[in-house]
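Below is one structure, written out as structure tokens; the observations come after it.
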Amino acid sequence: QVQLVESGGGEVQAGGSLRLSCVASGRAGIYAMGWFRQAPGKEREFVAAIIWSGGGTYYADSVKGRFTISRDNAKNTVYLQMNSLKPEDTAAYYCAATRLWGRTITEVRGYEYWGQGTQVTVSS
């Protein structure tokens with residue numbers, strides 16, 4: 001079983017930065033982890049993902065150049081460093097994990113495990 005606990009959300013001004021963290025109960029068998037976000041009244045959307053072994057990364061066009069996903073193997077933790085935040089980044093952010101090799105990691109359907117979410121609010 002995999003449990004995910006995320007933290008690091010908060011409220012910042014436009015142009016500011018936040019770092020989100022997601023701790024997994026274990027990484028054995030994990031193929032990839034990702035970050036998604038969901039604003040009120042909108043569908044959950046892909047933000048970033050990382051292949052656990054090797055560290056290959058993927059980003060939504062809307063966050064390329066501003067967000068960085070990374071992992072710490074020893075701590076079983078994945079991070080999302082968010083810089084140059086914009087009001088449109090405001091959403092609840094969720095981390096996710098999959099044990100299934102080759103899954104479509106840029107879509108919600110690709111993941112089996114989800115964190116509880118952490119709110120990010122960017123004011124203008």
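The two residues Leu4 and Cys22 make their nearest non-hydrogen contact at CB-SG, 3.8 Å. In this structure, Tyr113 and Val2 approach most closely via the heavy-atom pair CD2-O, 3.3 Å. Across Ser17 and Gln81, no two heavy atoms sit closer than the pair CB-NE2, 4.0 Å. Minimum heavy-atom separation, Met33 to Ile69: O-CD1, 4.0 Å. Residues Ala91 and Arg37 approach most closely at CB-CB, 3.8 Å, considering heavy atoms. Listed here is the closest heavy atom pair of Pro87 and Ser124: CG-CB, 3.9 Å.
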Trace of the side-chain contact (heavy atoms from CB on, under 4.5 Å) decision for Gln38 with Glu45:
CA-CA 6 Å; Gln38 186 168 22; Glu45 66 174 345; over 6 Å; no

Candidate pair Tyr79 and Arg19, rule side chain to side chain donor-acceptor pair (under 3.5 Å), full reasoning
CA-CA 7 Å; Tyr79 303 96; Arg19 189 184 73 163; 4.9 Å; no

Dump the intermediate steps for side-chain contact (heavy atoms from CB on, under 4.5 Å) on Val122 and Gln13, then the final yes or no.
CA-CA 5 Å; Val122 184; Gln13 294 183 333; over 6 Å; no

Run Val47 and Tyr94 through side-chain contact (heavy atoms from CB on, under 4.5 Å) and show every step you take.
CA-CA 10 Å; Val47 176; Tyr94 300 85; over 6 Å; no

So Arg71 and Trp52, side-chain contact (heavy atoms from CB on, under 4.5 Å) or not? Walk me through it.
CA-CA 8 Å; Arg71 78 213 194 284; Trp52 198 264; 3.9 Å; yes

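The aromatic rings of Phe36 and Tyr111 stand perpendicular to each other, their planes meeting at an angle above 60°, with 30° marking the opposite boundary.
Rounding to the nearest 0.5 angstrom, the gap separating the CD atom in Glu6 from the OG1 atom in Thr118 is 6.5 Å. Here CG of Asp89 is found 10.0 Å from CG of Leu18. Values are rounded to the nearest 0.5 Å.
For Arg103 and Tyr31, the positive end is not near the middle of the six-membered ring at less than 6.0 Å and at most 45° from its axis.
Within the 4.5 Å cutoff, the side chain of Ile51 has heavy atoms near those of the Ile105 side chain. No side-chain heavy atom of Glu11 sits under 4.5 Å from any side-chain heavy atom of Gln119.
For the side-chain contact (heavy atoms from CB on, under 4.5 Å) with Val120, the lone residue among Thr90, Leu20, Val12 that qualifies is Leu20.
Looking at Thr98, its side chain does come within 3.5 Å of a backbone N or O of Leu100 through a donor-acceptor pair. Between the side chain of Ser62 and the main chain of Ala60, no donor-acceptor pair closer than 3.5 Å is present.
Of the charged side-chain nitrogens involved, none lies within less than 4.0 Å of a carboxylate oxygen, so that Glu112 and Arg99 do not count as a salt-bridged pair. Ion pair Asp61/Lys64 flagged as a salt bridge, since at least one NZ, NE, NH1 or NH2 atom sits closer than 4.0 Å to an Asp/Glu carboxylate oxygen.
For Phe46 and Trp35, the ring centers sit 6.0 Å or farther from each other.
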